[in-house]
Amino acid sequence: APMRKQPLLLLAALAALLAASSALPTATPAPAAASVASAPLKDIEPVARQTLVDQLISAIMQRHHYAKPVLDDAFSEQVFKHYLQDLDPNHSYFLQSDVDSFERYRDQLDDDIRKMEPAFDIYNVYQQRVSQRIQYALKLLAQEPDFTVDESYVFDRSKLLWAKDSTELDDLWRKRVKNDAIGLLLAGKTWPQAADTLRKRYQNFAYRIHQVNSQDVFTLFMNSFVH
C-alpha cells in the first residue's frame with residue numbers, strides 16, 4: 001500500500017540529502033592502490049550532521065513505520081546482529097574476542113542511536129581487521145602454495161563461529177588465498193600470473209577500505225537500523 005512506502009521514501013530522501021551535503025569535489029586523482037594498501041588506517045568518527053539526521057530517522061521510525069518498531073533492547077539486539085552480519089557476513093575478519101567486546105553494545109543501540117559512537121567503534125575495529133587480513137594475504141603471495149596438500153576450504157562460514165584467535169584466522173586466509181590461486185590456475189594462468197592478479201585484487205580491496213568515510217559508515221549502520 002502507498003502508505004507503507006512513505007517512511008522508507010523519507011529515509012531514502014534523508015540519506016540522499018546527507019550524502020549530497022557531505023560530497024566534496026575531487027581535484028586530484030586517487031593514489032595507486034598498491035601505495036595505499038599498506039598505509040595505516042585512521043579511526044572514523046561521526047559528525048554532528050549525522051547525529052541530527054539520526055535523531056530524525058529515529059523519530060520517523062517510531063511515528064510512521066508500518067511495523068511500528070519499539071526502540072527497546074530487543075530492537076537493539078536485532079540492529080546489532082544485522083550490523084555485524086553486514087560488516088562480516090562470512091565471519092572472515094572479526095575475531096571471537098572482537099565480537100565478545102561488542103557485547104556491551106548489544107542492548108544499548110536503542111539508547112546510543114542518537115550518539116552513533118558504538119556503530120563507529122565497531123566499524124573501526126572492522127577496518128583494522130580487514131587491513132590485517134589483506135596485509136597477511138599479500139605476504140602469502142611471496143611464495144607459491146603447496147597444491148599437493150589435500151585440504152578443504154569452507155566457502156560459506158556465515159553459520160560458523162568467528163575465529164578464536166589470529167592463528168585460526170591465518171589458517172583460514174591461507175586456504176582462501178590458495179583457493180583463489182587454484183581458480184586462476186584452472187583458468188590457464190601460471191603461478192606468477194595468478195599471484196600478480198591476486199596482489200592487484202587484494203590491493204584494490206584495501207584501497208576501497210581506505211576510501212570509506214564517515215558518511216559511508218553512517219549509511220551502513222542506518223541500513224541495519226531500518227533492516
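Throughout, residue positions are numbered sequentially from 1 according to the sequence presented.
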Can you check whether [X] reaches [Y] side chain to side chain, under 4.5 Å on heavy atoms?
| X | Y | result |
| --- | --- | --- |
| Leu184 | Gln193 | no |
| Leu169 | Arg133 | yes |
| Gln127 | Lys42 | no |
| Asp121 | Val125 | no |
| Leu95 | Ser166 | yes |
| Ile209 | Ile134 | no |
| Leu138 | Gln203 | yes |
| Lys159 | His91 | no |

Exercise. Which pair of non-hydrogen atoms, one from Ala194 and one from Ala181, has the smallest distance, and what is that distance?
Worked result: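 Closest approach of Ala194 to Ala181, heavy atoms only: CB-O, 4.5 Å.
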For this session: Could you tell me which non-hydrogen atom of Tyr83 sits nearest to which non-hydrogen atom of Ala119, and how far apart they are?
Result: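 Taking every non-hydrogen atom into account, OH-O, 2.8 Å.
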Problem set entry | Partner residues of Tyr153 under the ring pair (Phe, Tyr, Trp, His ring centres under 6.0 Å) criterion, sequence neighbours left out |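 Only Phe155 meet the ring pair (Phe, Tyr, Trp, His ring centres under 6.0 Å) criterion with Tyr153.
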Problem set entry | ring pair (Phe, Tyr, Trp, His ring centres under 6.0 Å) against Tyr126, all qualifying residues, sequence neighbours excluded |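 With sequence neighbours excluded, Tyr126 shows a ring pair (Phe, Tyr, Trp, His ring centres under 6.0 Å) to Tyr93, Phe94, Tyr123, given in chain and number order.
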Interatomic spacing from [atom1] in [X] to [atom2] in [Y] - rounded to 0.5 Å:
| X | Y | atom1 | atom2 | value |
| --- | --- | --- | --- | --- |
| Ser224 | Leu87 | OG | CG | 7.0 Å |
| Leu220 | Met222 | CG | CE | 10.0 Å |
| Arg106 | Leu84 | CZ | CG | 8.0 Å |
| Asn204 | Arg208 | CG | CZ | 6.5 Å |
| Tyr202 | Thr197 | OH | OG1 | 10.5 Å |
| Trp162 | Ser92 | CH2 | OG | 10.5 Å |

Exercise. According to the salt bridge (charged side-chain N to carboxylate O under 4.0 Å, His left out) rule, which pairs have a member within residues 176-189, sequence neighbours left out?
Worked result: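 Residue pairs passing salt bridge (charged side-chain N to carboxylate O under 4.0 Å, His left out), neighbours aside: Glu151-Lys178.
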[X] side chain vs [Y] backbone, donor-acceptor pair below 3.5 Å:
| X | Y | answer |
| --- | --- | --- |
| Glu168 | Lys164 | yes |
| Ser158 | Asn90 | no |
| Arg104 | Ser101 | yes |
| Thr167 | Asp165 | no |
| Asp216 | Asn213 | yes |

Exercise. So with a 6.0 Å cut-off around CD of Glu103, is the heavy-atom count from everything else above 12?
Worked result: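 Yes - once you tally the heavy atoms of other residues, nucleotides and ligands closer than 6.0 Å, there are more than 12.
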For this session: Could you please spell out the steps behind the side-chain hydrogen bond (donor to acceptor under 3.5 Å, both in side chains) verdict for Gln135 and Ser131?
Result: CA-CA 6 Å; Gln135 295 306 313; Ser131 179; 4.7 Å; no
For this session: Please determine if Asp171 and Lys175 form a salt bridge, counting it only when a charged side-chain N lies under 4.0 Å from a carboxylate O.
Result: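 Looking at Lys175 together with Asp171, the answer is yes, because their closest N to O distance falls below 4.0 Å.
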For this session: Determine whether the side chains of Gln128 and Asn124 contain a donor N or O and an acceptor N or O closer than 3.5 Å.
Result: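 There is no such pair between these side chains.
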For this session: Mind running side-chain hydrogen bond (donor to acceptor under 3.5 Å, both in side chains) on Ser76 and Asp107 for me, showing each step along the way?
Result: CA-CA 5 Å; Ser76 175; Asp107 60 358; 5.9 Å; no
For this session: Begin from the C-alpha positions of Asp43 and Phe120 and carry the test side chain to side chain contact (heavy atoms under 4.5 Å, CB included) through to its verdict.
Result: CA-CA 8 Å; Asp43 283 352; Phe120 280 77; over 6 Å; no
Exercise. Taking the six-membered ring where the residue is Trp, are the ring centres of Phe80 and Phe102 under 6.0 Å apart?
Worked result: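 Not close enough - the centres of the two rings lie 6.0 Å or further apart.
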